[in-house]
Novice: 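Sharing a structure, written as structure tokens. Questions coming.
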2 protein chains.
Amino acid sequence: MTTATAFASAPTATRSIGRTPAVAFERHDEIGLAELQAHVPAVRRKIAQGQYLYRAGQPFAALFLVNTGCFKTCELAEDGREQVTGFRMRGDLVGVESIGLSQFACDVVALEDGEVWELPYPPMLTACLRIPVLQARLTSALAEEVRRDRLWMLALGTLGAERRVAAFLLDLAERHARLGFSGRHFILRMSRADMASYLALKHETVSRALSRLDALGHIAVQRREIRILDADGLRHGAEAVH
Amino acid sequence: MTTATAFASAPTATRSIGRTPAVAFERHDEIGLAELQAHVPAVRRKIAQGQYLYRAGQPFAALFLVNTGCFKTCELAEDGREQVTGFRMRGDLVGVESIGLSQFACDVVALEDGEVWELPYPPMLTACLRIPVLQARLTSALAEEVRRDRLWMLALGTLGAERRVAAFLLDLAERHARLGFSGRHFILRMSRADMASYLALKHETVSRALSRLDALGHIAVQRREIRILDADGLRHGAEAVH
DNA sequence: AACGCTCGGTAACGGACTGTAACCGGCGTG
DNA sequence: CACGCCGGTTACAGTCCGTTACCGAGCGTT
């Protein structure tokens, strides 16, 4: 629920996350990766499971467009507090939170072997000046990131543990479906601890919630394998915390 | 803790929010309001207490730069869930979350009588194409908004009620100080309920936390009047939730 | 002054989530 | 195989915060 999806080379589909049906620029205006490469010298990069795509403090010089694999972004405070703030997959633009800084502002870790396109930022900026559509797209991607974070803040603040887990699964399912895969059956790329951190819960609580949703017949869980049985049940399962 | 501060006509000061000391473009590169007006047809607008600056669903056509007063932004879901996602004051850019949409994505309400500069968005975009510094500044403002939201997500997920309240007060104090006012003595512009919503707590809990911080000698509270007595005490008061 | 309303503070109780701990299964290694 | 390790699940007790309720201060209306 926290991702900037831009320049996606995935199948075109109308999106409908929360209350944000309208998209700034029509789908046909979208600059695909191919066209993007014509203006920005993109470089392929492979990242092995467990490796950092980047770490807080490293010099910021590029954005990354995820091609394959799954990544988690981790926010960490000086006092040791730490939290996963999002999961990034194919089509997601990574690094936007560090724009305007000289150093990256958070950590990004590969949850499995993956590949990204490295998009040098200064060239990207100058390209934006010459190509209005690109400029609009980058700005929109940033704004969308803000909206997604806000929506997730709302979820964190208003939903109980079980509904948070349910909402998370639904979000994963939708993103999965948007990439052309099944929206009813998928594999979790992250550990219970990562989910818990993102959901602001303890991993035991996540386990309990998953077990409960399974018992209710809304999903079928087996380790990291998830099957959505009753999406509506997930959505309206329990009531808001108030 | 959730605000895009850009084009601020406030006294220049080095900022140090969380772990983001470096700013993309040096302070002297910053485009002030005066220069901004040379390129974008800004319009003054007064908003009375309790009035909406804009509501979700209204056509999006402009950003707003807060001149005076204080505003709250409210995120709301279809199912009735609702939460304050930030407070905006002088120098803050409002509306960035709606960029790329045809309609505004949230509600913004005036907590007191105030005044804003209305910055028509399409002209702003074209101006960005002609003026690289403006473009960089807008993009940075958006990125900073993402960083602030992430930092607040971290606080929501890792801090207990009392520390959340403390962190909120410290944030307010710093923003106040950055505007040239006292960072040790200020007036809360929002009700306990608004604070509670933003902090993802109940207003009673906010009351308790304030009373406790007062009893500990960290602050002095009288209705909406806050005096910071021991900033370090506030910062390190209790430990993280873990 | 009496009334009603909103906003803020306090206290007692209960419940949801946490913290701890034990257990299980899979996997790699000695 | 035995072993330890890691990730995941489950059980139980503890705690923090939400719930409910009541009270007081400020303010506008009658």
Side-chain angles (χ1 to χ4, degrees), chain A residues 49-50 70 72 81-84 109 111-112 155-169 187-216 219-226 237-242, chain B residues 49-50 70 72 81-84 109 111-112 155-169 187-216 219-226 237-242:
Chain A
Q49 181 178 58
C70 185
K72 65 173 175 182
R81 280 155 39 223
E82 185 177 347
Q83 184 168 2
V84 174
V109 182
L111 294 172
E112 54 186 347
L156 285 182
T158 57
L159 297 180
E162 200 171 306
R163 290 212 56 189
R164 284 220 278 275
V165 174
F168 176 65
L169 293 180
I187 306 293
L188 295 172
R189 307 321 214 296
M190 72 293 295
S191 70
R192 295 289 191 268
D194 285 334
M195 288 180 57
S197 174
Y198 179 56
L199 298 166
L201 298 170
K202 296 303 163 198
H203 62 95
E204 297 92 332
T205 307
V206 174
S207 264
R208 279 188 285 259
L210 287 173
S211 302
R212 183 112 206 294
L213 292 173
D214 184 307
L216 287 172
I219 60 175
V221 194
Q222 251 180 353
R223 314 271 306 167
R224 297 200 175 184
E225 195 178 343
I226 301 286
E239 62 286 17
V241 163
H242 225 202
Chain B
Q49 181 178 58
C70 185
K72 65 173 175 181
R81 281 154 39 222
E82 185 177 347
Q83 184 168 0
V84 174
V109 183
L111 295 172
E112 53 187 347
L156 285 183
T158 58
L159 297 180
E162 198 172 308
R163 292 212 56 188
R164 284 219 280 274
V165 173
F168 176 65
L169 292 180
I187 306 292
L188 296 171
R189 306 322 213 297
M190 71 293 294
S191 70
R192 295 290 190 267
D194 284 335
M195 287 180 58
S197 174
Y198 178 57
L199 298 165
L201 298 169
K202 294 301 163 194
H203 62 92
E204 295 91 334
T205 307
V206 174
S207 266
R208 273 193 293 254
L210 287 173
S211 303
R212 184 110 205 294
L213 293 173
D214 186 305
L216 288 172
I219 61 174
V221 194
Q222 251 180 352
R223 311 278 300 173
R224 297 199 177 186
E225 195 178 344
I226 301 286
E239 62 288 13
V241 162
H242 221 218

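Each chain gets a letter, A, B and so on, in the order its sequence line appears, and its residues count up from 1.
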Novice: Rounded to whole Å, how long is the line connecting atom CG of A/L188 with atom C1' of D/dT9?
Specialist: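 The answer, rounded to whole Å, is 15 Å.
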
Novice: So A/T205 and A/V165, do their side chains get closer than 4.5 Å, heavy atoms only?
Specialist: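 When only atoms from C-beta onward are counted, A/T205 and A/V165 do not touch, as no gap falls below 4.5 Å.
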
Novice: Nearest whole Å is fine: how far is C/dA16 C1' from A/R212 CZ?
Specialist: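 Rounded to whole Å, this separation is 12 Å.
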
Novice: Sort out for me which residue in B/R189, B/H203, B/K72 forms a side chain to side chain donor-acceptor pair (under 3.5 Å) with B/D194.
Specialist: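 The option that passes is B/K72.
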
Novice: Starting at atom CZ of B/R208, determine the distance to atom C1' of D/dT15, rounded to an integer number of angstrom.
Specialist: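 Checked: the CZ to C1' distance equals 13 Å.
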
Novice: Mind checking whether B/L216 and B/E162 have side chains closer than 4.5 Å, heavy atoms only?
Specialist: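 Side chain of B/L216 against side chain of B/E162, heavy atoms only: contact under 4.5 Å found.
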
Novice: Under the 3.5 angstrom rule, does the side chain of A/S211 hit a backbone N or O of A/S207 as a donor-acceptor pair?
Specialist: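 Flag set: sc A/S211 to bb A/S207 pair under 3.5 Å.
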
Novice: Round to the nearest Å and state the distance from A/I226 atom CD1 to D/dG8 atom P.
Specialist: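 Distance check: A/I226 CD1 to D/dG8 P gives 11 Å.
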
Novice: Rounding to a whole Å, what distance do you find between A/E162:CD and C/dT18:P?
Specialist: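 Atom CD in A/E162 sits about 13 Å away from atom P in C/dT18.
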
Novice: Base, sugar-phosphate or nothing for A/A196? Non-hydrogen atoms, less than 4.0 Å.
Specialist: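 Answer is nothing: A/A196 stays at 4.0 Å or more from every strand.
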
Novice: Provide, to the nearest angstrom, the distance between the CZ atom belonging to A/R164 and the C1' atom belonging to C/dT18.
Specialist: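 Answer to the nearest Å: 13 Å.
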
Novice: Figure out the CG/P separation between A/D214 and D/dT9, and round it to whole Å.
Specialist: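 Interatomic distance, CG of A/D214 to P of D/dT9: 10 Å.
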
Novice: Does B/I187 offer a backbone N or O that forms a donor-acceptor pair with the side chain of B/R224 under 3.5 Å?
Specialist: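 Here the side-chain-to-backbone pair does not exist.
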
Novice: Using a cut-off of under 3.5 Å, enumerate the N/O to N/O pairs linking the protein to nucleotides 7-9 of chain C.
Specialist:
from, atom 1, to, atom 2, distance (Å)
C/dG8, OP1, B/R224, NE, 3.1
C/dG8, OP1, B/R224, NH2, 3.2
C/dG8, OP2, B/R192, N, 3.2
C/dG9, OP1, B/R192, NH2, 3.0
C/dG9, OP2, B/R192, NE, 2.7
C/dG9, OP2, B/R192, NH2, 3.3
C/dG9, OP2, B/S207, OG, 2.9

Novice: I'd like to check the side chain to side chain donor-acceptor pair (under 3.5 Å) partners of A/R192; sequence neighbours left out, ordered by chain and number.
Specialist: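 Not a single residue meets the side chain to side chain donor-acceptor pair (under 3.5 Å) criterion with A/R192.
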
Novice: If I take atom CG in residue A/L159 and atom P in nucleotide C/dC17, what distance separates them, rounded to the nearest angstrom?
Specialist: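 Spelled out: CG on A/L159 to P on C/dC17 is 11 Å.
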
